[in-house]
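These notes concern the structure reproduced below.
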Amino acid sequence: MSKVITPKEQDYSQWYNDLVIKAGLADHSAVKGCMVIKPYGYAIWERMQAVLDGMFKATGHSNAYFPLFIPKSFFAKEAAHVEGFAKECAVVTHYRLKNSPEGLVVDEDAKLDEELIVRPTSETIIWNTYKGWIQSYRDLPLLINQWANVVRWEMRTRLFLRTAEFLWQEGHTAHATRQEAVEEAEKMLNVYAEFVEKWMSVPVIKGTKTASERFAGALETYCIEAMMQDGKALQAGTSHFLGQNFAKAFDVKFLNKEGKSELVWATSWGVSTRLMGALVMTHSDNEGLVLPPQLAPIQVVIVPIYREAEQLAKINEVVSKLTRSFDADGIRYKYDSDDNRSPGWKFAEYELKGVPVRLAIGPKDLEKGTIEVSRRDTRTKEFVPIEGVEKYVKNLLGEITENLFKKAVELRTNNSHKVDTYAEFKEVLEKQSGFVWAHWDGTAETEEKIKEETKATIRCIPLNNPQEEGKCVYSGKPSKQRVIFAKAY
RNA sequence: CGGGGUGUAGCGUAGUCUGGUUAUCGCGCCUGCUUUGGGAGCAGGAGGUCGUCAGUUCGAAUCUGGCCACCCCGACCA
């Protein structure tokens, strides 16, 4: 074994780091807090992008691109927004370097009149621009998305989960009415939930954030929350109803049908490369990655087993029929006939990389007319007649997708607890982690106290949450519904 | 940003306490032959500013100080 992964039972953080690095998804870079996304990791991200982009287009959105740099004065216009992001902004102050006796230095003569902020998010530059795009109700709704990188100067970083620079998409929409904007925010939350559940096989809970967890500048923040295998919560996507806050700050008005001037209503929504972290931490095991077939860069790997060139030639013949059929079905495969690696090495390597299905074919198979089919999720294998194996594989890919989702739901169910006393609450979080469904009195004070004492935060108030009479687990005050508490990434 | 730890070949490491020939071993890499149904074997070979900068010393991977990076734990956050 040349690539040893720390077992997750021993050290979950280390297990995650080992997976990301050893499976070739990403690496630490020479730049503090920034990562290099390697080809295999980027291929998965590209799959995510392609699917999401299609979903955005299907819901009427267009892509555009706004500047990386935001003048400080723009940034300062929305008070809550500034408050939320000021502590983690990279700032550009000069535009030139020069040679000096000490080497290359910043040229103090090249100081910018106004500093530029490297975008931590683009609301301000976008709303400044929208002012010029919107005059009449006929210009609405304005439905724009951008794929971009953003920078948030984080103290402590983790590959994919929190890096100083990350890749994401940010949608920014403008609407004539409050209701339409709220509907947009909810619609995009549903798009995210569908993507994460159907394509990533990661179950999520849709909900809203409490005031303290809300996006800086939003009236309502919607989120989807997933549970990782260690029981911690991970926010997989957010969608914000921004009210008229940015319209006010940037004076974005439109003339309605009656000829009266009104402020527009706004939303923004985003998912990031953090989804890669969710993907890894939801399905993978101690042997390596486990990728859902829908996003796997390679869905099927074919490994030939042979002694002589003659045998390989026969195998090639069988395989080429197979791959023609895969081509026709749009199945992403790799035929690895590399002579320098033994079959055993390849088996281990593709397991590490999370390839959902492996086909092995050797002399014995040629004799019997079978092929060995192994599935990554259950680590089981069986011999299947070569005749019709294409169909078998196609079904298997679907089955794996479902099984991954089912297993993730089971994990979440087994680690979700309804509790009614604070003693129980603390016990669950200490001993088992997971989601805790508990009554909460709705105050920020209680939320803060619980966070201080248990490190658990309110992940969300689920949408369509069943209403029931109860008492706040902390204060004993009356409550009408349970909310989800958990430790979070 | 605070506390703790680590840094020696692409990767993992010995050596560091107690300074002293040519810096150890395994994996990987290159060449050749044999192999191939769960990380192959043998033989030969290449690869090092010992994180970095300065200091102490006749002599530094080893001692001292600064800096950098990464990991773990906390505070902050997607």
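Residue numbers begin at 1 in each chain, while the letters A, B, ... track the order of the sequences.
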Does the ring centre of [Y] sit less than 6.0 Å away from the ring centre of [X]?
X	Y	answer
A/Phe215	A/Phe241	no
A/Tyr192	A/Phe195	no
A/Trp269	A/His61	yes

Roughly how many Å is it from [atom1] in [X] to [atom2] in [N], rounded to a whole number?
X	N	atom1	atom2	value
A/Ile21	B/G12	CD1	C1'	14 Å
A/Lys346	B/A40	NZ	P	11 Å
A/Asp11	B/C73	CG	P	7 Å
A/Trp345	B/C27	CH2	C1'	12 Å
A/Tyr350	B/G38	OH	P	17 Å
A/Asp27	B/G10	CG	P	14 Å
A/Asn316	B/U36	CG	P	18 Å
A/Glu308	B/U34	CD	C1'	13 Å

Pick the [atom1] atom in [N] and in [M], then give their distance to the nearest Å.
N	M	atom1	value
B/U8	B/C50	P	11 Å
B/U52	B/C70	C1'	15 Å
B/A43	B/G39	C1'	22 Å
B/U13	B/C71	P	15 Å
B/G4	B/C67	P	15 Å
B/A78	B/G28	C1'	38 Å
B/C63	B/U6	P	12 Å
B/C73	B/C30	P	38 Å

> Quick one: on RNA chain B, does A/Thr157 or A/Ala360 contact a more 5' nucleotide (nearest heavy atom)?
Replying inline: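 Per heavy-atom nearest nucleotide, the more 5' residue is A/Ala360.
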All N/O pairs under 3.5 Å across the protein-nucleotides 6-8 of chain B interface:
none

Under 4.0 Å between a Lys/Arg side-chain N and an Asp/Glu carboxylate O for [X] and [Y]?
X	Y	answer
A/Lys206	A/Glu186	no
A/Glu287	A/Arg376	no
A/Arg375	A/Glu399	yes

>> Counting only side-chain nitrogens and oxygens, does A/Ser342 get under 4.0 Å of the OP1 or OP2 atom of B/A40?
In response: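 Checking B/A40 against A/Ser342, a side-chain N or O does come within under 4.0 Å of OP1 or OP2.
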> Under 4.0 Å: is that the gap between some side-chain N or O of A/Asn340 and OP1 or OP2 of B/C29?
Replying inline: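 Looking at the OP1 and OP2 atoms of B/C29, neither is under 4.0 Å from any side-chain N or O of A/Asn340.
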May I ask you to say what [X] touches in the nucleic acid, namely base, sugar-phosphate or nothing, with a heavy-atom cut-off under 4.0 Å?
X	value
A/Phe383	base
A/Pro304	nothing
A/Lys32	sugar-phosphate
A/Lys381	base
A/Ser13	sugar-phosphate
A/Gly33	sugar-phosphate

Would you indicate whether the side-chain heavy atoms of [Y] and [X] approach each other to under 4.5 Å?
X	Y	value
A/Cys460	A/Gln235	no
A/Leu279	A/Phe160	no
A/Pro292	A/Trp199	no

> Given B/G37, B/G39, B/G38, which nucleotide is nearest the side-chain atoms of A/Lys364?
Replying inline: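 Taking heavy atoms from C-beta onward, the closest nucleotide is B/G37.
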Heteroatom pairs (N/O) under 3.5 angstrom, protein to nucleotides 75-78 of chain B:
residue	atom	partner	partner atom	Å
B/C77	O2'	A/Glu154	OE2	3.3
B/C77	O2	A/Arg162	NE	2.1
B/C77	O2	A/Arg162	NH2	2.6
B/C77	N3	A/Arg162	NE	3.3
B/C77	N3	A/Arg162	NH1	3.3
B/C77	N3	A/Arg162	NH2	2.6
B/A78	O3'	A/Gln235	NE2	3.1
B/A78	O3'	A/Arg274	NH1	3.3
B/A78	O2'	A/Arg274	NE	3.2
B/A78	O2'	A/Arg274	NH1	2.4
B/A78	O2'	A/Arg274	NH2	2.9
B/A78	N6	A/Thr163	O	2.6

I'd like to know if the side chain of [X] and the backbone of [Y] have a donor-acceptor N/O pair within less than 3.5 Å.
X	Y	answer
A/Lys346	A/Asp338	yes
A/Arg332	A/Phe326	no
A/Asn245	A/Gly217	yes

> Quick one: does A/Arg358 reach the base of B/G38 with a side-chain donor-acceptor pair under 3.5 Å?
Replying inline: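 Side chain to base: pair present.
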> So what's the dot-bracket for RNA chain B: Watson-Crick or G-U pairs under 3.5 Å, [ ] if a pair crosses, | if it pairs off-strand?
Replying inline: ((((((((.[[[..)....(....]]].((((((.....)))))).....[[[[[..)....]]]]])))))))....
> Do the numbers put A/Arg358 on top of the ring of A/Phe347, so that NZ or CZ is under 6.0 Å from the six-membered ring centre and no more than 45° off the axis?
Replying inline: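 Relative to the ring axis of A/Phe347, which defines the angle, A/Arg358 lies inside both limits.
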>> Set out, in order, the CA-CA distance, both residues' side-chain angles and the distance that settles side-chain contact (heavy atoms from CB on, under 4.5 Å) for A/Met200 and A/Thr282, then state yes or no.
In response: CA-CA 9 Å; A/Met200 295 175 60; A/Thr282 302; over 6 Å; no
